[in-house]
> 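My questions will all concern the structure given below.
Just so you know, these numbers use all the heavy atoms, side chains as well, and skip hydrogens, waters and symmetry mates. As the structure is a computational prediction, the values presented were derived from the model and not from experiment.
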There are 2 protein chains.
Amino acid sequence: MNDFEKDFDYLGRIQDYYADNRCLPSYARLMGLLGFASKSAVSKLLARLQLQGFLTRSADGDWAPTDRFFERTLSSQPVPAGMPVAARDVGSDAFAIDQYLIERPSDTLLIPVKGDSMIDAGIHEGDLAVIERRNRANSGDIVIAIVDNEFTLKTLGREQGRFVLLPANPAYPVIRPKAELEIFGVLVGLVRKYRG
Amino acid sequence: MNDFEKDFDYLGRIQDYYADNRCLPSYARLMGLLGFASKSAVSKLLARLQLQGFLTRSADGDWAPTDRFFERTLSSQPVPAGMPVAARDVGSDAFAIDQYLIERPSDTLLIPVKGDSMIDAGIHEGDLAVIERRNRANSGDIVIAIVDNEFTLKTLGREQGRFVLLPANPAYPVIRPKAELEIFGVLVGLVRKYRG
DNA sequence: TTGCCAGGAGAACGTACGTTCTCTAAAGTA
DNA sequence: TACTTTAGAGAACGTACGTTCTCCTGGCAA
């Protein structure tokens, strides 16, 4: 393992710590975490990671992760077993999930999916719907509409010039709103977590 | 504003600070942030927020946000028509999804899904599979296996003591590997983007 | 009015913090 | 070989840290 890979391995452990604790570890804890016996080693490592753009200093002078800190490996080709993920091999790329899904952060929110009315569209109960707030949508879009004071996730359709809400499950009826259909937002992404 | 609302306001400012700095503020900074003139006021506030389940102590004894701390990014309650949205945007919380899905960043990578062999599990072509690298898995897990030097996403099953790979699409056959089955990782999450 | 309670002020304390030195050992280069 | 570079060890320093007291004050109930 060369120096570059070693620092990448260190970075991985810091990322894991951050995922657990939602905060960067102190110098003392980094010593234990990385196997260092001195804080100056930690200090120099952090300086190197800052140069590579993974860390920065906050306004208060504390260390803080950068966007690059949260980039994950995107790989479409199998890599030999035993190769560390962190060592970005050929065919792999860096990738930030949130930036991929969310284009307009201030207009975007996450809403848990209830029920199975969109199951045929691959949208399951418990999935997290990434919704961009908007009052208009096109036929064919999957939208969050407000019906009877409740959020409803359905495909927007048209019938005789009127908007209707189409479930993606034959067990559910098409919703034909009597009044104006109130669209809350448009589905721009979906997030599902497995294992609890 | 009663005591409960006041604490909620304090919590909001702590959440804002966290979104900016990706770390909870120290007692001294909380004093400035909340308008307190003493640290004991901070100490007691944190104790109250802990009771309400917004904060907790990490294994190292530090304060750490709980899941509930981030809950404002999820709107689980229906929003009455015409009312302003109680749900918070995802805007300031720059990596909400990433942190939701990924527990061990250094062992996690993203792999684009090819084909429709898992369509009945709600996994579509073009989705991004969030994979945690691991050589072992349990029957019933959805895994990435390496077959013919290609990634294959299937449900892990057992047949007469041997591992097999089960598609979630009747058009595809069960894969019964002749040699040892090479498991690359386990599916821990799924990400889908709509609208190009 | 009195007593009680809780949020906050203010101060003291011990410690863990981040920084910054010098020094060592190993690796690379001429 | 000798020179240079660099990751890390180790120690020292000043400070900001979290905790824990006591005391003050306003609100509420009896």
> Indicate yes or no for a side-chain donor-acceptor contact from A:N169 to the backbone of A:A171 under 3.5 Å, with no hydrogens or angles considered.
yes
> Treating A:R72 as the side-chain partner and B:V130 as the backbone partner, does any N or O pair qualify as donor plus acceptor under 3.5 Å?
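Not at all, since once roles are kept as given, no pair shorter than 3.5 Å links the two residues.
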> Pick the nucleotide of DNA chain D nearest each of B:W63 and B:K44; which residue has the one closer to the 5' end?
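Upstream on the strand: B:W63.
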> Nearest-Å distance, CZ (A:F36) to C1' (D:dA7)?
8 Å
> When the distance from NZ of A:K39 to P of D:dA12 is rounded to whole Å, what number comes out?
13 Å
> C:dG10 phosphate, OP1 or OP2: any side-chain N/O from B:S38 under 4.0 angstrom?
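Checking B:S38 against C:dG10: no side-chain N or O falls below 4.0 Å of OP1 or OP2.
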> Whole Å only: how far is the CG atom of B:D7 from the P atom of C:dA6?
14 Å
> Is a donor on one side and an acceptor on the other found under 3.5 Å between the side chain of B:D127 and the backbone of B:V113?
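Not confirmed, B:D127 side chain does not pair with B:V113 backbone.
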> If the cut-off is 4.0 Å, is A:R57 near the phosphate of C:dG18, judged by side-chain N/O to OP1 or OP2?
no
> Please give, in whole Å, the distance from D:dC13 C1' to A:Y27 OH?
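After rounding, the gap between these two atoms is 15 Å.
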> Tell me the interatomic distance from B:D62, atom CG, to D:dC17, atom P, rounded to whole angstroms.
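So the CG-P distance, B:D62 to D:dC17, works out to 13 Å.
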> Counting just side-chain N and O atoms, does A:R48 come under 4.0 Å of either OP1 or OP2 of D:dG8?
yes
> Rounded to whole Å, how long is the line connecting atom CG of A:D60 with atom P of C:dC17?
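Rounded to whole Å, this separation is 18 Å.
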> Is there a donor-acceptor contact under 3.5 Å linking the side chains of A:Y18 and B:R22?
no
> Would you kindly give the CG-to-P distance between B:L30 and C:dG8, to the nearest whole Å?
13 Å
> Just to be sure I understand the rule, does B:S26 reach a base, reach only the sugar-phosphate, or reach nothing, if contact means heavy atoms closer than 4.0 Å?
sugar-phosphate
> Ignoring backbone atoms, establish whether B:Y10 has a side-chain N or O less than 4.0 Å from OP1 or OP2 of C:dG8.
yes
> Taking the six-membered ring for Trp, are A:Y10 and A:F54 closer than 6.0 Å centroid to centroid?
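Ring centroids of A:Y10 and A:F54 are no less than 6.0 Å from each other.
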> A:S40 has a side chain; which of C:dG10, D:dG18, C:dT20 sits nearest to it?
C:dT20
> Take the protein atom CG of A:L24 and the nucleotide atom C1' of C:dC17, then report the distance between them rounded to whole Å.
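The distance from CG of A:L24 to C1' of C:dC17 comes to 15 Å, rounded to the nearest Å.
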> Would you mind telling me which residue lines up with the more 5' stretch of DNA chain C, B:A41 or A:G61, judged by nearest nucleotide?
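Its nearest nucleotide being more 5', the pick is B:A41.
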